[in-house]
Amino acid sequence: MTEKWYYTDPYLRRFTATVTGCEPAGTGWRITLDRTAFYPEGGGQPGDSGQIGGVRVSDTHEKGGEVFHTAAGPLEPGRKVEAEIDWDRRFSLMQNHSGEHIVSGIIHRLFGLDNVGFHMGSDAVTIDLSGELDAEQLAQVEREANHAVWADREIQIAYPDPEALARLDYRSKKELTGAVRIVTVPGSDVCACCGTHVRRTGEIGAIKLLTSQRSKGGVRVWMLCGARALADYAAKNTDLYAISGLLSAKIHETVPAVERLLAENAHLEQRAAQLEKQLFAMKAERFAEGTDRAVVFEEGLDHAALRRYCQALCARAGLAAAFSPDGQGGWRYVLGSTKRDPRPLGKALNQAFSGRGGGNRELVQGTILGGQPEIAAFCETLG
């Protein structure tokens, strides 16, 4: 059984320990120590990383009371080693885990909703709630959560005896027995938890709820705390000022400026489509009305433009096919007919030129490989 220093002193960064085991594991090694400050993955909190005896540790897990350190190289059992956790990462996890407790506790108190899922990801912390909250309610939660941070309250950790535990009103996702670790944030939350936390709420720095969306009958909330919240703000602030400059709009006027730009772009796209349709109709006039087939090759057309071109050709010919290079050595195509079902013809084209695609009784589209002369010649054979 590994002695777990991350519970007795979660601020311990460097320590000395003895290697008790080392075995190959995948592309690395799995190392055990007689004592460790590396927190193993659990309760939604990722495992710690760092170094042991100069060997890089990428992750930490626990099984049967033993803590396993995933290392890049082996260490000899019995050797005494110096070890160090990645403190900036660990402290950030402590900030975010403690902040999550405050948010979940406030939501439970104000709205009676349970935290049914919690994950500390590389981009943000997510909380899955048992019911829905609207934007105004989440804003209220964020305000109260930051007031709890600014109050700089001591976060308390205890192991109540069974009798005291039975009287305690605490959050837990399942029934617990034995020694239960209770984390209390005065005024905000009481929860069973195995993770590491900051000593005082003030160390969290700030709590920011980023966004939310409906999920499985409830709502999923994205949040960040402390250093990660500050880094997120800095990145978004940089982006916002860059967007402001590109739009020649004041910072708080970027949204209406983007809305105007999108409206203008939609109008231009509609106008361009109309002009393109007219252009394709003019191009199609080189084929006599009632001609048997019309096959064209045109640069720079996507499938939407090819469909418009093919429709213009279908007004002149019994069978129409429009092709354009796809930029990867192949061709985009649209095949259509007003007199027959083009799907069998598209299937034959795909089989002949290693293509893929499909469609309906009016048009089929896809991509194929082959040379222009061979494709044109094959189209002459289509029934």
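Every value quoted in this text rests on a predicted model; they were computed, and no experiment measured them.
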Clusters formed by hydrophobic residues whose side-chain heavy atoms approach within less than 4.5 Å: which one holds Ile368, and what are its other members? Val295, Phe297, Leu319, Phe323, Trp331, Tyr333, Leu335, Leu345, Leu349, Phe353, Val364, Ile375, Phe378, Leu382
Salt bridge present between Arg167 and Glu163 (N-O < 4.0 angstrom): yes
For Trp87 and Pro10, which heavy atoms make the closest approach, and how far apart are they? CZ3-O, 3.6 Å
Assess the side chains of Thr32 and Glu66: does a donor N or O sit below 3.5 Å from an acceptor N or O? no
Is Arg13 salt-bridged to Glu84, cutoff N-O under 4.0 Å? no
Applying salt bridge (Lys or Arg N to Asp or Glu O under 4.0 Å) to Asp232 and Lys236, what does each step give before you reach the verdict? CA-CA 6 Å; Asp232 181 74; Lys236 289 174 179 174; 3.0 Å; yes
Aromatic Phe68 / basic Arg30 pairing, under 6.0 angstrom, 45° off normal: yes
Is the shortest distance from a Lys or Arg side-chain nitrogen in Asp341 or Arg361 to a carboxylate oxygen in the other one below 4.0 Å? yes
Check the side chains of His197 and Ser98 for a donor-acceptor pair under 3.5 angstrom, ignoring hydrogens and angles. yes
SB check Arg56 Asp86 (cutoff 4.0 Å): yes
Can you list, by chain and residue number, the hydrophobic cluster partners of Trp222 when the side-chain cut-off is 4.5 Å? Leu210, Leu224
Does a side-chain N-to-carboxylate-O contact under 4.0 Å join Glu132 and Arg214? yes
Taking all atoms of both residues into account, what is the closest heavy-atom pair of Ala148 and Ser188, and its distance? CB-OG, 3.5 Å
Taken in chain and number order and not counting sequence neighbours, the residues that satisfy side chain to side chain contact (heavy atoms under 4.5 Å, CB included) with Val19 are Ile31, Leu33, Leu75, Val81
Considering only NZ, NE, NH1 and NH2 on the basic side and carboxylate oxygens on the acidic side, decide whether Asp189 and Arg171 come within less than 4.0 Å. yes
With a 4.5 Å limit on heavy-atom distance, are the side chains of Ser58 and Ser49 in contact? no
